[in-house]
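Counting starts at 1 for both ligands and their atoms, in listed order.
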Amino acid sequence: MSKNVSLPVVRRLPRYYRFLRELMENGVIRISSGDLSRRMGLTASQIRQDLNCFGGFGQQGYGYNVRALYEEIGRIMGLGKHREAILVGAGNLGRAVSRHMDFASRGFALTGVFDVNPELVGRQIGEVVIQDIRQLEAFCAPNPPAVAILCIPKEAAPAIVKRLVALGVRGFWNFSHYDIALHYPEVVAENVHLGDSLSTLCYRINELEKQPAQPEE
Ligand code: NAI
């Protein structure tokens with residue numbers, strides 16, 4: 001990642017990427033920051049500021065070359081690289097994540113799935129057979145995956161993370177409620193908390209309800 005790109009900008013990149021891909025699919029060759037901002041619900045200056053981090057794509061009076069910007073954002077996110085990922089916890093959430101996530105388009109391949117429950121071991125998720133968690137070291141040591149996806153309960157996470165970090169795993173897509181970054185500052189963890197998102201919605205609807213209702217047109 002370029003050292004000039006801040007994490008808030010990085011967090012907006014996937015959305016730019018998605019919009020640019022849709023534009024490309026609709027045959028759009030170039031777009032002004034004003035037009036892109038209207039479509040994305042951001043201000044034009046925000047877009048200019050964000051995309052200026054990558055330099056050279058916006059030209060006064062021309063706008064952005066959609067394909068060039070799309071490819072550059074993909075390159076910055078490292079999407080073209082092939083990285084292996086494993087999933088730990090093949091319960092309801094783990095199965096949903098592994099079935100519905102298009103790993104390949106994000107530069108990942110799901111190569112291993114692990115669970116502690118003997119009833120799940122040997123079953124298949126997509127093309128991957130669920131292995132006993134006791135096989136974790138044997139599977140990972142020769143070829144440590146870049147990323148582990150954690151869909152296990154919080155109580156189980158510390159021991160699993162310790163083993164994975166010892167195996168050289170440096171990225172976590174963390175659905176467990178264990179705070180990995182606090183204990184392992186040397187790794188990167190993206191935490192997904194659907195509950196936090198729902199609480200944020202709660203706050204926002206609360207605020208909305210304080211405002212007088214808009215009269216109907
Ligand atoms: P689940 O009970 O269906 O699946 C958990 C799976 O983890 C089970 O198959 C279990 O055998 C396995 N497991 C437990 N300890 C393990 C270990 N040491 N090694 C390997 N596998 C192990 O539960 P569900 O619904 O899939 O949720 C999983 C966890 O994710 C829950 O603890 C829940 O709190 C959390 N969760 C987080 C969400 C989020 O937004 N971050 C949303 C929903 C659930």
Side-chain angles (χ1 to χ4, degrees), residues 7-15 17-18 77-79 83-208:
L7 203 51
V9 177
V10 172
R11 292 202 191 285
R12 285 194 285 273
L13 289 185
R15 193 152 172 256
Y17 193 72
R18 239 183 321 115
M77 291 197 290
L79 297 181
R83 291 195 173 89
E84 296 190 354
I86 60 163
L87 171 82
V88 183
N92 293 308
L93 185 61
R95 283 199 297 272
V97 166
S98 57
R99 284 205 182 114
H100 297 296
M101 184 52 55
D102 178 4
F103 289 101
S105 71
R106 291 165 177 94
F108 292 100
L110 186 66
T111 55
V113 178
F114 297 86
D115 203 287
V116 77
N117 181 350
E119 287 183 17
L120 295 178
V121 172
R123 289 198 201 170
Q124 204 148 341
I125 294 192
E127 291 174 0
V128 185
V129 176
I130 302 171
Q131 299 182 63
D132 192 308
I133 190 66
R134 286 176 295 188
Q135 298 302 315
L136 190 67
E137 279 73 16
F139 182 86
C140 295
N143 183 23
V147 163
I149 305 161
L150 299 185
C151 294
I152 46 178
K154 185 179 181 184
E155 311 75 69
I160 294 291
V161 173
K162 192 173 180 195
R163 287 166 70 183
L164 289 166
V165 171
L167 283 162
V169 175
R170 298 176 67 206
F172 290 86
W173 198 24
N174 180 28
F175 290 82
S176 83
H177 299 302
Y178 173 57
D179 193 340
I180 299 175
L182 193 66
H183 299 90
Y184 299 94
E186 71 277 23
V187 306
V188 289
E190 274 296 311
N191 301 313
V192 184
H193 284 301
L194 297 180
D196 287 3
S197 176
L198 187 58
S199 301
T200 307
L201 177 64
C202 178
Y203 171 84
R204 295 179 66 194
I205 195 87
N206 223 16
E207 291 301 298
L208 193 67

Sorted by first residue and then second, give each salt bridge (charged side-chain N to carboxylate O under 4.0 Å, His left out) pair with at least one member in residues 113-138; sequence neighbours left out.
D132-R134, E137-R163
Taking R95 for the side chain and A90 for the main chain, is one N or O donor matched with an acceptor at less than 3.5 Å?
yes
Would you indicate whether the side-chain heavy atoms of I86 and L136 approach each other to under 4.5 Å?
yes
Counterpart residues, salt bridge (Lys or Arg N to Asp or Glu O under 4.0 Å), relative to D196 (two or more places apart):
none
Measure from every N or O atom of ligand 1 to the protein's N or O atoms and keep only the pairs below 3.5 Å, writing each with atom names and distance to 0.1 Å.
| unit_1 | atom_1 | unit_2 | atom_2 | d |
| --- | --- | --- | --- | --- |
| ligand 1 | 3 (O) | N92 | N | 3.0 |
| ligand 1 | 3 (O) | N92 | ND2 | 3.1 |
| ligand 1 | 9 (O) | D115 | OD1 | 3.4 |
| ligand 1 | 9 (O) | D115 | OD2 | 2.7 |
| ligand 1 | 11 (O) | D115 | OD1 | 2.6 |
| ligand 1 | 21 (N) | V116 | N | 3.3 |
| ligand 1 | 26 (O) | N92 | N | 3.1 |
| ligand 1 | 26 (O) | L93 | N | 2.7 |
| ligand 1 | 40 (O) | L194 | N | 2.7 |
| ligand 1 | 41 (N) | F175 | O | 2.9 |
| ligand 1 | 41 (N) | V192 | O | 2.5 |

With sequence neighbours excluded, tell me which residues meet salt bridge (Lys or Arg N to Asp or Glu O under 4.0 Å) with R106.
none
For Y184 and F172, I'd like to know if the aromatic rings sit close, meaning centre-to-centre distance below 6.0 Å.
no
